[in-house]
Every structure is written in C-alpha cells, then in structure tokens.
Protein chains: 2
Amino acid sequence: MSAAMSRGFGRSAGAPTLEDVARAAGVSRATVSRVVNGVRNVDPVIQDAVRRAVAATGYAPNRAARSLVTRRAETIALVVSGADDDSPSASTAFAGRTVTDPFFGRVVTGVVQFLRPRSMHPVLMFAESPADRDHVVSYLRQGSADGALVVSNHADDPLPAQLAAAGLPAVVFARPALPVPLSCVDLDHREGARLAAEHLLALGRARPVTITGPTALPAVQERLGGFRDTMARHGVTAVPVAEGGFSQESGEAAMARLLARHPDLDAVFAANDVMAQGACHVLRDRGRRIPEDVAVIGFDDGPVAASCRPALTTVRQPVEDMAAEMARLLQGHIEHPDRPATTVVFAPRLVLRESA
Amino acid sequence: MSAAMSRGFGRSAGAPTLEDVARAAGVSRATVSRVVNGVRNVDPVIQDAVRRAVAATGYAPNRAARSLVTRRAETIALVVSGADDDSPSASTAFAGRTVTDPFFGRVVTGVVQFLRPRSMHPVLMFAESPADRDHVVSYLRQGSADGALVVSNHADDPLPAQLAAAGLPAVVFARPALPVPLSCVDLDHREGARLAAEHLLALGRARPVTITGPTALPAVQERLGGFRDTMARHGVTAVPVAEGGFSQESGEAAMARLLARHPDLDAVFAANDVMAQGACHVLRDRGRRIPEDVAVIGFDDGPVAASCRPALTTVRQPVEDMAAEMARLLQGHIEHPDRPATTVVFAPRLVLRESA
DNA sequence: CTGAAAGCGCTAACAA
DNA sequence: TTGTTAGCGCTTTCAG
C-alpha cells in the first residue's frame, strides 16, 4: 500500500472527489458519477453502496469540473441595465436608484420563484456604461452564466442588441424601443391606461390630467395613447400632460405644473405609483382632498401603493409573474438554442383603494 | 496541413480556446495564458502579438476551466436567510417580504459597490427552510461561490453556525443571537436609541412610548435598552412598550394599543421607519398632529423615511457602508483562510426631518 | 450493468 | 523569457 493510500482517501486536505467516493464504495468513478447524477441503469445494491460512500466521505461534486465538461454553468444572470451615467459619482451611485426601487425587488421575487425549485440562483449584474455592457457580454461568453434576463430602465439600451448579436440566450423585460430578435415579456399598457380612464369616467371626472414617464419609452407612449384614446372616445378631447421621470420628486414637480395651468382638474393618472404619491403630496399641500376633489390613479401596484395615505388606486402590473415567465422563456432558449423569439404580453388589472 | 487545421482555427464550432489563440499568435498556450492574466515577464512584442490574436479570434477565457485549477469561483453568495416558513405557500411566498424590503435593496447596493470594481457579482440565494440552508452550504462546498454574505431576519437563524461548522468563509450582517465564530458588521444600536431619546428630550417631550421589533433580536433589545436607559437618566422612568414585527401593519397595531393605554403620550420611537410610518397614519387618523402633538422618530433611514409625509426624523443606519464592509471582510477571509473573525461596529446618525 | 480511458480548457511547476 | 507537461474533477463514449 502506498504512502498516499495509507493516508486514508488519498488526500490529506481538500474536498473529497469522485475518486475518493469510488474507492470507498469499491466501484469506478463512472459508476459514482451515474449515481450522483441519477442516471438509470445502475444496480440498486451498488446504488446504495455509493450513496453510503457519498455520505461517509461528505462528497460534494465540484461545479467547475462538471461545467467544464457539460458546458453549462447552471446559472443565469439578472442584469439591471440602466442609462449611461455621466455623473462623476457614477461608480458609487450606480443603480442605487434601481436597486432600491421596489419594482426591482418584485422582479427578483418572480425570477427566484421560478429558479428556486430548480436549485438555480441568479447572478446580479448592473450595466450602466459601455464597459459594463461589454463585461456582461464577456461574462456570458466565458460561460459564467448560461443566459441573461435583462431589465432596462432606459429607452434605447444597447445591451439587448449586443446580446442578440453575440448569439447569447437572453430575455428582455418590456419591449425595447428598437426591435431586437430576443424574447420578451411585456404588459398591455394600452389596456392598463384604458382601465384607468374608464374608472375615472365612471366616477364622473371630466377634467383629467396625466403625468407620464420619459416619453422615449414605448410603454410610456402606449399608456399615454391608451388614456387619451379612451378619454376621447368618451368625449374628453384634451388631456393635459406633464412628463415625469418616475421619481417622486418628478411627480411632485409635474403635479405642480399641471395644477398651475389647470387649477380646475379633477383627476390625475400617473404613469407609476411613486409619481402618483408625489402628486398626492402636492395636491394635499394645495388643500385638495383625495379623492373628493381630485381622484388619483397610479400604475404598477408596487409596495408603496398600499402603504401610503390615501392608499392608491392603481393599475396592477403582475411583475412577479412576468419575471417568472422571463426565466421560463430563458430556460427554453438555453435548452433549445434555435427556438424562435417570442413576446408574452400580460394583462393589467385595476386595483381599487382609496385615491379614486 | 490536416483537415482540421484547414478548417481555420481547428474547430468549426464552439468558442475559441487558448490553443486557438496560441496557434494564431505563434506561441504556446502558457504564454497566452500569461498575457491574458497579466503576468509579467512577457516580451512586449509577443504580448502585442498575443493581444492581437485574442482580438482576432474573439477569445474569452473559459471560467469553468480556470476555476477548476485555481480553485476559485470568483463569486460570492448573498444569502437572505429568513425564518422558517411553515405556511403551505412557503415555496411561492418565500422571501417576498424581504426582497421587497428597501433594506434589502440597500444591502445589495453596498455589496455591489464593493464587488463591481473587482468585476465580481453576487449570487442571490434565499434560505428559509432547513433544506434551503443545506443547499446554501453545499453550494459553497461545491465551489460555486467562494464565500457567503448572510443577512438574517430571524433571531436564531442556524445558518451562520452551519457555515462556521463547515469551515466556509462567511460574514454576517448583525450580530447573531447565539455567538458564532464568524465576522460580522453591526450597528451601535444603543447609541442610535440614545440619539433618538436625547432629541426627544431636547424637544421637551416627557411622555414617550416606543414600538420595538421582535424582542428576540439582540438589536431590538439594545435599541430598547438604550432608549430606556437614556430616558431614565433624564428622569423619565417608565417608557410604555409595544412590540411590532417591523411591518407597517404591526406598527399601526402597536400604535393603536399604545394610544389606548396612554392617550397623553407626546413622543414615539419606533424600531424602524416602516413601523414609524404606520404609527403616523394611526396618529393622524386619531387627530394628532405630527410633530406638534406627537413627535415621531423612526430607525434605518430607508427610502420611505424621506418620501412619506410628514418626512420622518430617523436614526440612520449606514446600511450600504455596512454591506460593503461585509464584502471586504469576506474577501479577506477568502484570501486569508486563517484570519480571525472580527466584528465591525458602525455609528448611527440622527437625521432630522419633519416628524420630530 | 460496469469499468477504462479520453478529454473539457486552463494554470502552474519545471525545464530549457 | 518561453515552452513542455502534468494535472484540476468530472462526464461520457466505448468496450466488456
């Protein structure tokens, strides 16, 4: 018996390997591998012996070694792709806005909901500069992740196109401004706006205004279009608009402008809950009662909607479901590389609370 | 020239390997490896040739292969470890609460702040059941990640102990209820509570009450202790207490109870901002003006603190800095396995806004 | 049904 | 300074 063997399982330090388990069970590496990976055609008796040996040695398969041969990382990247940030503090500020955004938390929730049962976990990445985007691409090309889930908060984010060009599996949240040959999940924004408009109309409001998000976003355009069209169809031809940036401050500013120009407004449709909340603050400060004097409807139904006062009536976007669907689509593309890109559109729902 | 070689770089499909680059540059694999990894002692001229070949072939180093030999995943796990969930919907509900919690977003922000410059990315994991925790441990033992950053929201989370027992590098956010030989970052909770108490005292409030978090948490105990001690030192001997669960609803309920028993209260110190917000709602509904009739102070200084009305005066916890420090500590433990565990305590700061 | 053997792509001694 | 070589631990034909 060699010195090495007399040391026990052949290694004094380091984790036990297949080799160690094989020796302990008195079989070959191949057999242990088959048992560990649940491949059929293994004698139950041997199977048992192997399992015992695995437990005895405390064996854990080495992921790198496995990936090297299977060519699968069993990991996917969840990329938050923001606008290019030109500010000097870019490196420290980065996606703080986004990460703190409850919307992001809901996306994570949905993605994890799908991944967890499959024992997979997302790698979080932020891309806000050309260098970041290249990094994401090379991360995937290195095989560190099998595919990417992209959530952009910028209208013409170049990342989806880069990913598509590199032939990497990816799925996008919300249809990009420029069409890209990638699968994506989206909401029927027009329908959401219609829901809001009809509710306001049913409430008898005839002087509505709307606070939009950055108009470069297709989603923003559709919400605006859907709202106006529905109002027009019911005889309300002019709907004053103020553009916001999805932040509470921008919502406050937009509301203030709208109030100055249209003091007689009786309803507000904001492109997201956070801006709606900002609008509520301004409205209250100006002495308007909500919903008596002014009805307010938000969009998203994020955590703030229920926790602010008055609680927000809003158009719910099933973000968790959408995110889970993204993960499902991505898995499909990873397993079937030539599956064509598809778009899955979700239906919004009006959630009635106190503000309208 | 062989058929294989005439096909170009030797492979009709698959990503280019070191071998391909070496051939294109007319050098050995080892040299290419040195250039790619920035190792010195390589002739500048050759270095250039290699770089050119890398660009020409579109080479990207295979992470699995590298990890296999370096024994480093260059990845760390960010684990959100919740209480065991017994509800039937556990698998779908999981850490939704936590992920949507802005606190979590701040942790991610801080961790990424440290990791990003190092081109590393965190893998998100949730652990809420014994099975989940075992999974986290085996994930690390497989070498999928080099270490773990643990954020528990449960007093006696067994995960830190499991990690320590397995000898895996890990750092914990907030000192665990049971001492564990792991590094951790924490806040000086007593000091934070002292800050709040002194401010209330300076405001002339003499009938304060406090809404705590789950009292099993050491942090909660210290905030309570610090608040009471400071009050006592200034002659306020009895401070009514109501226990909450960190949620807005629990804050509302606690406030209602307190109000019923002590209608003459003139100040509230809540263990977090969310409960403080809930308290404000109840106070307002009962006709109390804030801060004129009742001064309210929260804890954390999360996103809600600034966005609710009245904006919350609160004790700021530098979560981002703490999270970044966690990552830094973890890196130290990964690179120097026998470095002893340490605890880094951060100082809180009082942020004055409108509520007190 | 099981074992032997050939790599996956890369790094790191060790030679030259 | 550069090349040669030996694996890292695993999966997977291919024989038996």
Side-chain angles (χ1 to χ4, degrees), chain A residues 4 9-51 53-54 57-74 138 141-144 146, chain B residues 4 9-51 53-54 57-74 138 141-144 146:
Chain A
F9 292 123
R11 347 181 77 244
S12 55
T17 71
L18 261 195
E19 185 72 46
D20 299 320
V21 180
R23 202 175 309 138
V27 298
S28 72
R29 285 207 306 272
T31 300
V32 178
S33 175
R34 291 186 186 107
V35 174
V36 170
N37 294 307
V39 178
R40 292 187 306 270
N41 300 340
V42 178
D43 187 308
V45 180
I46 292 192
Q47 232 174 90
D48 224 61
V50 171
R51 259 185 257 289
V54 166
T57 54
Y59 172 74
N62 179 305
R63 189 93 94 104
R66 178 179 290 180
S67 285
L68 185 54
V69 34
T70 61
R71 295 163 169 297
R72 276 288 169 71
E74 302 293 350
S138 66
R141 297 211 330 136
Q142 290 182 358
S144 300
D146 302 321
Chain B
F9 291 123
R11 347 181 77 244
S12 56
T17 72
L18 260 196
E19 185 73 47
D20 299 320
V21 180
R23 202 176 308 138
V27 298
S28 72
R29 285 208 305 274
T31 299
V32 178
S33 175
R34 290 186 187 106
V35 174
V36 170
N37 293 307
V39 177
R40 290 188 307 271
N41 301 338
V42 178
D43 187 307
V45 179
I46 293 193
Q47 232 175 91
D48 224 62
V50 171
R51 258 185 257 289
V54 167
T57 54
Y59 173 73
N62 179 305
R63 190 91 94 105
R66 178 179 290 178
S67 285
L68 184 55
V69 36
T70 61
R71 293 160 169 298
R72 278 288 168 71
E74 301 293 352
S138 67
R141 297 212 329 134
Q142 291 181 0
S144 301
D146 302 320

### Task
For dC8(D), take OP1 and OP2 only and decide whether either is under 4.0 Å from a side-chain N or O of Asn62(A).
no
#### Entry: Spacing between Gln47(B) atom CD and dT2(D) atom C1', to the nearest angstrom
13 Å
### Query
Between dC10(C), dT12(D), dT1(D), which nucleotide has the shortest distance from any of its atoms to the side chain of Asp43(B)?
dT1(D)
### Between dG7(C) (P) and Leu18(A) (CG): distance, integer Å
19 Å
#### Entry: Counterpart residues, salt bridge (charged side-chain N to carboxylate O under 4.0 Å, His left out), relative to Asp48(B) (two or more places apart)
Arg52(B)
### Query
Where each pair must be Watson-Crick or G-U wobble with both distances under 3.5 Å, what dot-bracket representation of DNA chain C is obtained, with crossing pairs in [ ] and other-strand partners as |?
||||||||||||||||
### Query
Starting at the 5' end of DNA chain D, which residue's closest nucleotide do you reach first, Pro44(B) or Glu19(A)?
Pro44(B)
### Summary
Taken to the nearest whole Å, CG/Leu68(B) to C1'/dT11(D) is 12 Å
### Message
For a quick test of reading the model: is some side-chain N or O of Ser33(A) closer than 4.0 Å to OP1 or OP2 of dT11(D)?
### Response
yes
### Task
Provide, to the nearest angstrom, the distance between the CD atom belonging to Glu74(A) and the C1' atom belonging to dT11(D).
13 Å
### Message
Can you tell me if Arg71(A) touches the phosphate of dT11(D), counting only side-chain N or O atoms and a distance under 4.0 Å to OP1 or OP2?
### Response
no
#### Entry: Gln142(B) side chain to Arg63(A) backbone, donor-acceptor under 3.5 Å
no
### Summary
Value for CG (Asn41(A)) from CD (Gln47(A)), rounded to nearest 0.5 Å, stands at 10.0 Å
### Query
Rounded to the Å, how far apart are Asp20(B) CG and dC10(C) C1'?
13 Å
For nucleotides 3-6 of chain D, list the nitrogen or oxygen atoms of the protein found under 3.5 Å from its nitrogen or oxygen atoms, one pair per line.
{"unit_1": "dG3(D)", "atom_1": "OP2", "unit_2": "Ser28(B)", "atom_2": "N", "d": "3.2"}
{"unit_1": "dG3(D)", "atom_1": "OP2", "unit_2": "Ser28(B)", "atom_2": "OG", "d": "3.2"}
{"unit_1": "dG3(D)", "atom_1": "OP2", "unit_2": "Thr31(B)", "atom_2": "OG1", "d": "2.6"}
{"unit_1": "dG3(D)", "atom_1": "N7", "unit_2": "Arg34(B)", "atom_2": "NH1", "d": "3.4"}
{"unit_1": "dG3(D)", "atom_1": "N7", "unit_2": "Arg34(B)", "atom_2": "NH2", "d": "3.4"}
{"unit_1": "dG3(D)", "atom_1": "O6", "unit_2": "Arg34(B)", "atom_2": "NH2", "d": "2.6"}
{"unit_1": "dA6(D)", "atom_1": "N6", "unit_2": "Arg29(B)", "atom_2": "NH2", "d": "3.2"}

### Task
Would you mind reading off the distance between Asn37(B) atom CG and dG9(C) atom P, rounded to a whole angstrom?
17 Å
### Task
Output the distance between atom CG (Asn62(B)) and atom OG1 (Thr17(B)), rounded to the nearest 0.5 Å.
9.5 Å
#### Entry: Protein-nucleotide distance (Asn41(A), atom CG; dG16(D), atom C1'), rounded to Å
15 Å
### Task
Could you grab the distance from atom CG of Asp146(B) to atom OG of Ser67(B), nearest 0.5 Å is fine?
7.5 Å
### Query
So which pairs with a foot in residues 24-34 of chain B pass salt bridge (charged side-chain N to carboxylate O under 4.0 Å, His left out), sequence neighbours left out?
Glu19(B)-Arg29(B)
### Query
Can you name the residues that form a side chain to side chain donor-acceptor pair (under 3.5 Å) with Ser138(A), not counting sequence neighbours?
none
### Task
Using modelled atom types only, decide if a donor and an acceptor are shared between the side chain of Asn37(A) and the backbone of Val39(A) within a distance under 3.5 Å.
no
#### Entry: Contacts of type side chain to side chain donor-acceptor pair (under 3.5 Å), residue Arg141(B), not counting sequence neighbours
none
